[in-house]
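A short write-up of the structure that comes next.
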There are 2 protein chains.
Amino acid sequence: MNNKISKNSIRRLIRYRTVLQRFQNMGLGKVFSDNLAEALDIKASQVRKDFSLFNLTGNKRGGYVIGDLLEKITNIIGKNRTYNTIIIGAGNLGKALLQYTGFEKEDIKIKAAFDIDPAETHKQYSTPVLPMENLHSFIQENDIEIAILTTPALAAQRVMDLLVKANIKGVLNFAPIRLKAPKEIFINNVNLLQELENIIFFIKEKKEKIAVI
Amino acid sequence: MNNKISKNSIRRLIRYRTVLQRFQNMGLGKVFSDNLAEALDIKASQVRKDFSLFNLTGNKRGGYVIGDLLEKITNIIGKNRTYNTIIIGAGNLGKALLQYTGFEKEDIKIKAAFDIDPAETHKQYSTPVLPMENLHSFIQENDIEIAILTTPALAAQRVMDLLVKANIKGVLNFAPIRLKAPKEIFINNVNLLQELENIIFFIKEKKEKIAVI
DNA sequence: CTGATTTTGTTATTCATTTCACAATAACTC
DNA sequence: GAGTTATTGTGAAATGAATAACAAAATCAG
Ligand SMILES: NC(=O)c1ccc[n+]([C@@H]2O[C@H](COP(=O)([O-])OP(=O)(O)OC[C@H]3O[C@@H](n4cnc5c(N)ncnc54)[C@H](O)[C@@H]3O)[C@@H](O)[C@H]2O)c1
Ligand SMILES: NC(=O)c1ccc[n+]([C@@H]2O[C@H](COP(=O)([O-])OP(=O)(O)OC[C@H]3O[C@@H](n4cnc5c(N)ncnc54)[C@H](O)[C@@H]3O)[C@@H](O)[C@H]2O)c1
């Protein structure tokens, strides 16, 4: 493959899969680029362009076979195996994620949580909450590739450094700070305050009309 | 103003403010486009371009006065008043958000949560969890502009319809479905599973090398 | 006060992404 | 099975976003 693929195409690819799974559950066997476009609120040509980028092909006039498409997309995104994950910081948010069963279905397994506070590590959940001392060895021994970071912002960089040492591959960071790490570690930031502020910008009554594209 | 402003510029504007506040807390009085660029890991010309779009001006050779800049940005984004917010669905995630104090600091006030389950509405928190019957009148009477949607996906559209009826202005949606609503209501989706899948794509060892730009 | 230096603000340029447009072709119609 | 229609796949065109480039202005040095 020769073509450059943007992060946006990948985000869309993930959404295509979500939608395709829904279609499949509804009993459908085929889709047209049209249907996918409508579901994602984009243009059909965008769908076909993306597919072309990833060498996803269909049938002229016949559209795409959902089953085939799902198999190929899964191959590209990478989900016919389990990805082992841990949560660091078993506070409000960490525990909510720990309790959530929706990841499991998708073969993202949360193997443990970690916390510095002994009060947390002594509680019993179906998934254990372990003390930070165990972090390094646990990552090694359980083939952990992804960490979800839900400590306070102040602790986040310190934890990140530990994760780097333990050779983590990717991090989903909820702490509202920009983490420093070698660039081969993929960090995905989720900043909920900024998501709310983004809403505020759009609902705010504008003094001077600002055209937003 | 004549120029089109992209959603990206707005996202960056929100980040500029975050960084500027940090600088201010460190006792600084002025910044250069350089400093902001470094903090956000973008180019200085991007910062100046954005500022130009929003008519944010500084002083040649003198940089920008942080205080002034913060005031103007706050004026644009809209945060010298309080935004009243509710949470719908007081489950794992809803309760984590309810407990979080970081929004309050930024004048985003969570006034109540709502749940269909009487077991939830009878518990006592510092913020009340109310039954769904009260939703409409509560929104009206408490000047609620933003709703955070944390019900299961199956209930989400039904709840959205209620919110539309009650004239909500913006929604932060955590349920993994695409909500339908009139376009003047701003919906911001957070899909944590997709954020994790995005990480998986990037950490997955590639069979055929795909160049990601 | 003059010239050198720094930094903004904006225009031009480059680079990236989306959309268009249409040939190729598979499927349907009669 | 000839003609019509629907839909893909992709190169070209249009649009959009980021970066570079630089003139203008402010400050500084001596
Ligand atoms: N809860 C929310 O709704 C919410 C919303 C937006 C952002 N966030 C961010 O997510 C993060 C977590 O938020 P929260 O509300 O769950 O906080 P929290 O205080 O409830 O939980 C943080 C947990 O991290 C643990 N911890 C602290 N230092 C640690 C360390 N060095 N190593 C390991 N564990 C450590 C604490 O013991 C605690 O259990 C914060 O950075 C917060 O800003 C949370
Ligand atoms: N918890 C997580 O970490 C997590 C992660 C990713 C996505 N999500 C999504 O966020 C949403 C909430 O997740 P959760 O884990 O908190 O679920 P949850 O089941 O713990 O909580 C959902 C709450 O919504 C309430 N509810 C159900 N129907 C309702 C209705 N019609 N009106 C009002 N309330 C109603 C339930 O009583 C329950 O208290 C889900 O859509 C889930 O897919 C959650």
Side-chain angles (χ1 to χ4, degrees), chain A residues 1-16 19-20 23 28-70 72-73 76 198 210-213, chain B residues 1-16 19-20 23 28-70 72-73 76 198 210-213:
Chain A
M1 191 176 302
N2 191 11
N3 258 309
K4 294 285 198 305
I5 290 168
S6 73
K7 292 194 182 186
N8 276 349
S9 317
I10 292 156
R11 286 206 122 84
R12 281 194 301 267
L13 196 65
I14 290 169
R15 292 203 206 146
Y16 295 140
V19 169
L20 285 166
F23 286 171
L28 300 178
K30 297 197 304 184
V31 272
F32 301 125
S33 54
D34 243 28
N35 311 134
L36 284 168
E38 199 191 348
L40 270 78
D41 199 17
I42 58 179
K43 293 263 147 60
S45 55
Q46 176 78 83
V47 175
R48 295 200 301 275
K49 192 79 206 224
D50 283 338
F51 281 14
S52 156
L53 237 49
F54 289 109
N55 287 330
L56 298 170
T57 61
N59 311 295
K60 296 225 156 97
R61 185 155 180 153
Y64 303 85
V65 176
I66 293 181
D68 292 3
L69 213 44
L70 274 172
K72 285 186 199 154
I73 293 180
I76 295 166
N198 205 18
I210 299 179
V212 179
I213 53 174
Chain B
M1 193 175 304
N2 190 14
N3 258 309
K4 295 282 199 306
I5 290 168
S6 73
K7 293 194 182 187
N8 276 350
S9 315
I10 292 157
R11 286 206 122 84
R12 281 194 300 267
L13 195 64
I14 290 169
R15 291 204 207 145
Y16 294 140
V19 169
L20 285 166
F23 285 172
L28 299 178
K30 298 196 305 184
V31 271
F32 302 124
S33 55
D34 243 28
N35 310 134
L36 284 167
E38 200 191 349
L40 270 80
D41 200 17
I42 58 180
K43 292 266 147 59
S45 55
Q46 176 79 84
V47 175
R48 295 200 300 276
K49 189 75 195 265
D50 284 338
F51 281 13
S52 157
L53 238 48
F54 290 109
N55 286 331
L56 298 170
T57 60
N59 311 294
K60 297 225 156 97
R61 182 153 185 157
Y64 303 84
V65 176
I66 293 181
D68 292 3
L69 213 44
L70 275 172
K72 286 186 197 153
I73 293 180
I76 295 166
N198 205 17
I210 298 178
V212 179
I213 55 172

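Here the structure is a predicted model, which is why all the values come from computation and not from measurement.
- For the pair A:Leu53 CG and D:dT8 P, the interatomic distance rounds to 17 Å; values are reported in whole Å.
- The two residues A:Leu40 and A:Val19 make their nearest non-hydrogen contact at CD1-CG2, 3.5 Å.
- Here D:dA17 presents its C1' atom at 16 Å from CZ of B:Arg11, a figure rounded to the nearest Å.
- What separates CG of B:Asn55 from C1' of C:dT8 is a distance of 14 Å, to the nearest Å.
- Within the 4.5 Å cutoff, the side chain of B:Phe54 has heavy atoms near those of the B:Ile10 side chain.
- For the pair A:Phe54 CZ and D:dT10 P, the interatomic distance rounds to 14 Å; values are reported in whole Å.
- Here A:Ser9 lies out of heavy-atom contact (under 4.0 Å) with every strand.
- Straight-line distance from the CZ atom of B:Phe51 to the P atom of C:dT8: 9 Å, rounded to whole Å.
- Phosphate proximity of D:dG9 to A:Tyr64: present, with a side-chain N or O under 4.0 Å from OP1 or OP2.
- When side chains are defined from C-beta on, A:Phe51 counts as touching A:Leu36, because their heavy atoms get closer than 4.5 Å.
- Dashed line: the shortest gap from a side-chain N or O of A:Ser6 to OP1 or OP2 of C:dT17 is under 4.0 Å.
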Side chain to side chain contact (heavy atoms under 4.5 Å, CB included) between A:Glu38 and A:Phe32, worked out: CA-CA 10 Å; A:Glu38 199 191 348; A:Phe32 301 125; over 6 Å; no

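- Atoms CG (B:Asp68) and P (C:dT8) sit 14 Å apart, rounded to a whole Å.
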Contact string for nucleotides 19-29 of chain C, one letter per nucleotide 5' to 3', B = base within protein heavy-atom range under 4.0 Å, S = sugar-phosphate only, - = neither, reads BBB--BBBBS-

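- Between A:Leu69 atom CG and D:dT8 atom P there is a gap of 11 Å when expressed in whole angstrom units.
- For B:Phe32, the side-chain atoms get nearest to C:dT8 when compared with the rest of C:dT8, C:dT10, D:dA17.
- Remark: A:Lys30 NZ is loosely packed, at most 12 non-hydrogen atoms of other residues, nucleotides or ligands lying under 6.0 Å away.
- Listed by first and then second residue, the salt bridge (Lys or Arg N to Asp or Glu O under 4.0 Å) pairs that reach into residues 50-64 of chain B are B:Arg12-B:Asp50, sequence neighbours excluded.
- In this structure, the CG atom of A:Leu36 is 12 Å from the P atom of D:dG9, given to the nearest Å.
- Between A:Leu56 and A:Asp68 the shortest side-chain heavy-atom distance does not fall below 4.5 Å.
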